[in-house]
Amino acid sequence: MASINLHFFPILLFLISISSTATNAAAFTTHDLPTTFREAPAFRNGVGCSASSKIHIAMTLDTTYLRGSVAGVLSVLQHATCPENLVFHFLASSPRRSDLRRTVLSSFPNLSFLIHRFDASLVRGMISASVRRALDQPLNYARIYLADLLPRSVRRIIYFDSDLIVVDDVAKLWRIDLGPHVLGAPEYCHANFTPYFTDRFWSDARFARAFEGGPRRRRPCYFNTGVMVIDLERWREGRFTERLEEWMRVRKRVRIYDLGSLPPFLLVFAGKVKGVDHRWNQHGLGGDNVEGLCRDLHPGPVSLLHWSGKGKPWLRLDARRACPLDSLWAPYDLYRSSVRIPQLLLR
């Protein structure tokens, strides 16, 4: 068995550090696709699972967030009572969709999934610069077009961002009663809406009136769009894609907000959302959108941890600057580093 020459040990540590940094940096550019993912265990249905009871989940899929998407899928499967009933719908705008498909299959050979092409040109002309570059990417707006991209046979969908893990049976979220609502999500009615919109928005009655909801004033509550349950039939009937697009066009003419795809959702849906237990979106673990500082969990039980904000757990872990809660994400990380020890240091 080869042994490491201790004389070269400091050099070895340096080379491994450089190699690891270069590998991680190269693996997650928009040009290179990480293929070094481990294969996940096979997950089988428990007793009482009906093959006809499908649960549809949508996520975006791209090279930048692929590592997060894979971890998210693993977490959902691992905690599901009926994992074979899950159908994943991945939205992808990358021309390398075949490579993305192979990567997903390499980790989840038995996964039931479809990759739907999202045409970035649909939104590119309506996107305005925001506080963080990642929020300006066209794929960040793909959730607006779920009703158009998915087959008509899919009547309900759970939308998940790619920077979260689920630690509970997703069927519990799937079964919530939306009542007459189009969309369900955890609401935060104590939140101050002022920072989500500019002074220009609040000073112009034409815009601020949007939260009055017509003759019956609505009480707008903040909700995070990274976790949503959507009735796609009602969405289509209400032409909600067009309503969201209209606010995006307004933003191109007048600077009324600065935070990507969230403000249009608040303008259209805030106060009209079916409230879901807060345990289903312990969000903000990635900190704010500027510094991405560490944050603690909100009080209460947890079914889903969401690293919304600038700080992503895989980047912080690789940089040896992990926050305490990033250790909860790490067990779902299937990425495998391809660092090799130079042969000249072995004897």
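The basis for the numbers below is simple: all heavy atoms, side chains too, and nothing from hydrogens, waters or symmetry mates.
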Given F269 and W235, is the ring-ring contact (aromatic ring centres under 6.0 Å, His included) satisfied, shown in steps?
-> CA-CA 11 Å; F269 289 107; W235 181 290; 5.5 Å; yes

To the closest 0.5 Å, what do you measure between [atom1] ([X]) and [atom2] ([Y])?
X    : Y    : atom1 : atom2 : result
T225 : N140 : OG1   : CG    : 7.5 Å
M59  : Y159 : CE    : OH    : 8.0 Å
L77  : C82  : CG    : SG    : 12.0 Å
D163 : L285 : CG    : CG    : 9.0 Å
H181 : K272 : NE2   : NZ    : 10.0 Å
L266 : C221 : CG    : SG    : 10.5 Å

Return yes when atom [atom1] of [X] has more than 12 non-hydrogen atoms of other residues, nucleotides or ligands closer than 6.0 Å, and no otherwise.
X    : atom1 : answer
D199 : CG    : no
R152 : CZ    : no
R243 : CZ    : yes
R236 : CZ    : yes

Any side-chain to backbone donor/acceptor pair from [X] onto [Y]? Under 3.5 Å, distance only.
X    : Y    : answer
R117 : R97  : no
T198 : D258 : no
W280 : V227 : no
R255 : R200 : no
K252 : I127 : yes
T60  : L91  : no
S303 : D168 : no
H298 : H283 : yes
R38  : R336 : no
E84  : A51  : no

Ring centroid separation Y188 to H278 under 6.0 Å | yes

So which of Y222, F201, F211 actually passes ring-ring contact (aromatic ring centres under 6.0 Å, His included) with F193?
-> F211

Any link between [X] and [Y] through a network of hydrophobic side chains (Ile, Leu, Val, Met, Phe, Trp, Tyr) touching at under 4.5 Å?
X    : Y    : value
L114 : F90  : no
L293 : L315 : no
I165 : L297 : yes
V87  : I55  : no

Below 4.5 Å, heavy atoms only, C-beta onward: do [X] and [Y] meet side chain to side chain?
X    : Y    : value
Y65  : W314 : yes
N110 : F43  : no
F113 : V73  : no
V167 : Y332 : yes
S308 : D161 : no
Y335 : T36  : yes
Y141 : L122 : no
H79  : V170 : no

Considering non-hydrogen atoms only, spot the tightest contact between [X] and [Y] and give its length.
X    : Y    : value
N45  : P83  : OD1-N, 3.2 Å
L183 : A185 : CD2-CB, 4.1 Å
A58  : L146 : CB-CD2, 3.7 Å
L61  : L139 : O-CD2, 3.8 Å

Classify the ring geometry between H56 and W174 as parallel (under 30°), tilted (30 to 60°) or perpendicular (over 60°).
-> tilted

Using 30° and 60° as the class limits, which term best fits the ring planes of Y257 and F197: parallel, tilted or perpendicular?
-> perpendicular

Output all residues satisfying side chain to side chain contact (heavy atoms under 4.5 Å, CB included) with S107, sequence neighbours left out; order by chain, then residue number.
-> F37, V70, L334

Does a donor on one side chain sit under 3.5 Å from an acceptor on the other, for T81 and D169?
-> yes

Can you find a side-chain donor-acceptor pair between Y145 and E245 that sits under 3.5 Å?
-> yes

Less than 4.0 Å between a side-chain N and a carboxylate O, is that true for D318 and R67?
-> yes

Please identify each residue that fulfils side chain to side chain donor-acceptor pair (under 3.5 Å) with R124, with sequence neighbours left out.
-> none

Just jot down the side chain to side chain donor-acceptor pair (under 3.5 Å) partners of D326, sequence neighbours excluded, or say none.
-> W307, R316

